[in-house]
Amino acid sequence: MTSEIPANPRVPKRIAAVLINSLKGGVVPRIGLPYVTVGRKTEIAALLHDLDLIADGGASFRFLVGRYGSGKSFLLQTIRTHAMGKGFVVADADLSPERRLQGTAGQGLATYRELIRNLSTKTRPEGGALQLVLDRWVANMRGSAPNEDDAEALALAMAPLEEMVHGFDFARVMRAYHDATIEGDDERRSAVLRWLRGEYRTKTEARADLGINVCISDDNWYDYLKLFARFLKGAGYEGMLVLIDELVNLYKIPNSITRQYNYEKILTMYNDTLQGKAHYLGIIMGGTPQSIEDRRRGVYSYEALRSRLAEGRFAREGLSDMLAPVIHLNPLTYEELLVLIEKLADIHAGYFGYDRMLGTDQLVKFLQIEFGRVGADTHLTPREVIRDFIELLDIMYQNPETDMEALLNSEQFALTESGGTSGDAGDPGQRSFAEFKI
């Protein structure tokens, strides 16, 4: 276990509702994850080590690779929670046909906008923290040198940014926000927020409102992300963590040249972080094995990335290298799944106000049935197990006269009749689960 939350804690009803509804719907909740986190000790430890590196002024880049429903997005959100708790600002976005890393029709800018929209901190964990961050920076600036010239203190704070690409314009925008806040000019502050959110379409608009002859675009958004990460350290934060999921949407791009441009952007990010060209910035990208390793359309189709990311000669199955740029997620063990559904049973009972009726034997029987399906060892994912279990809990709650044993036995009988499991030694799912001990 990786959380400080005690066993079987009382979960607030608002959080319990989010957990139950999100998990039953097959999506990862944005709050309450420590209540249901199991396993993933080594992966979380490796990523937390990266956070220490970022806080010291470094940068990191990781890929999390796992098939659909394996817990990849769950782990991303878990790290997001940890990072916010440690004083980082976190920005996350899922790629889609409209959101890519590079594009000619605003797709790259759309990803940047989603990242900024989802900007989160410990006090604003559900996103929308941009103005909060800027206001904290202004307050820190005024508090750090109350008896000195504001202009001089501001110049010292902006000096490191001005040395970076596009840093001079970025510094001017930040000065504009600082001055507008001091003067109570809400219209100018709003204009700066629009500019930082990437909402200015043309340089003419930006020049008219802010006197800045540049705006954030498809071509330069990543440069401004690096600037923002460096800026955040001066605003009192530890750094910035960027989470980008659903890399499969790059894999699905039909045009090979467009795909290569997107992979080239990944290479730029990767090189920047490892060569010391980015500071206080961590990037984690999530994708399926196919979207990463397919040498025809995946990330590995870009030779410069494949040569950097592919496993070396000494990699073996069962030997995990958590210092490598690519982390492959192993399936949760049966024991970890048992702990997980026990937590869910407690949360469900607490939310609906009844005493938990399912004992360990019944939980094990549920898992035996789940893993008794043909191909379960290779195709069953935690997402499917969780959805089935919450559905079972909902049915039992709404139909209290239903006998749990009879319901489980009827499901097992249905699987046997359909060839899903026979219970004999020849069935791979049943045989492997027979080794599961309490």
Indicate whether any N or O donor in one side chain lies under 3.5 Å from an N or O acceptor in the other, for [X] and [Y].
X: T181; Y: R189; result: yes
X: S96; Y: N249; result: no
X: E114; Y: N118; result: yes
X: D135; Y: Y177; result: yes

Are any non-hydrogen side-chain atoms of [X] and [Y] less than 4.5 angstrom apart?
X: R175; Y: L154; answer: yes
X: L130; Y: I116; answer: yes
X: L267; Y: R308; answer: yes
X: E162; Y: D169; answer: no
X: L241; Y: V89; answer: no
X: V65; Y: I327; answer: no

Between Y35 and K343, is there a cation-pi geometry (under 6.0 Å to ring centre, at most 45° from the normal)?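 Judged by the rule (NZ or CZ under 6.0 Å from the ring centre, within 45° of its axis), K343 is not positioned above Y35.
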With side-chain hydrogen bond (donor to acceptor under 3.5 Å, both in side chains) as the criterion, how do S291 and T288 come out once you've worked through the C-alpha distance, each side chain's angles and the decisive distance to 0.1 Å? CA-CA 5 Å; S291 68; T288 61; 3.2 Å; yes
Quick check on [X]: does its [atom1] atom have over 12 non-hydrogen neighbours (other residues, nucleotides or ligands) under 6.0 Å away?
X: K233; atom1: NZ; answer: yes
X: Y351; atom1: OH; answer: no
X: Q275; atom1: CD; answer: yes
X: R207; atom1: CZ; answer: yes

Quick one: pull up NZ in K86 and CG in L51 and give me the separation to the nearest 0.5 Å.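 Spacing of NZ (K86) from CG (L51) equals 6.5 Å.
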Can you name the salt bridge (Lys or Arg N to Asp or Glu O under 4.0 Å) partners of E126, sequence neighbours left out?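 With neighbours one apart ignored, the set is R14.
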Output yes when R306 and E303 qualify as a salt bridge under the 4.0 Å nitrogen-oxygen rule, no when they do not.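 Judged by the 4.0 Å cut-off on N to carboxylate O distance, R306 and E303 do form a salt bridge.
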Are any of the side-chain nitrogens in R99 or D94 under 4.0 Å away from the carboxylate oxygens of its partner?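 Salt bridge: no.
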ring-ring contact (aromatic ring centres under 6.0 Å, His included): which pairs involve residues 213-259, sequence neighbours left out?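 The answer is W137-F231, H166-Y224, W195-Y224, F228-F231.
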Per the ring-ring contact (aromatic ring centres under 6.0 Å, His included) rule, what does the pair list look like for residues 259-286, sequence neighbours excluded?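 Sorted result for residues 259-286: F61-Y270.
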Which word best sums up how the rings of H348 and F352 line up, parallel for under 30°, tilted for 30 to 60°, or perpendicular for over 60°?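 Tilted.
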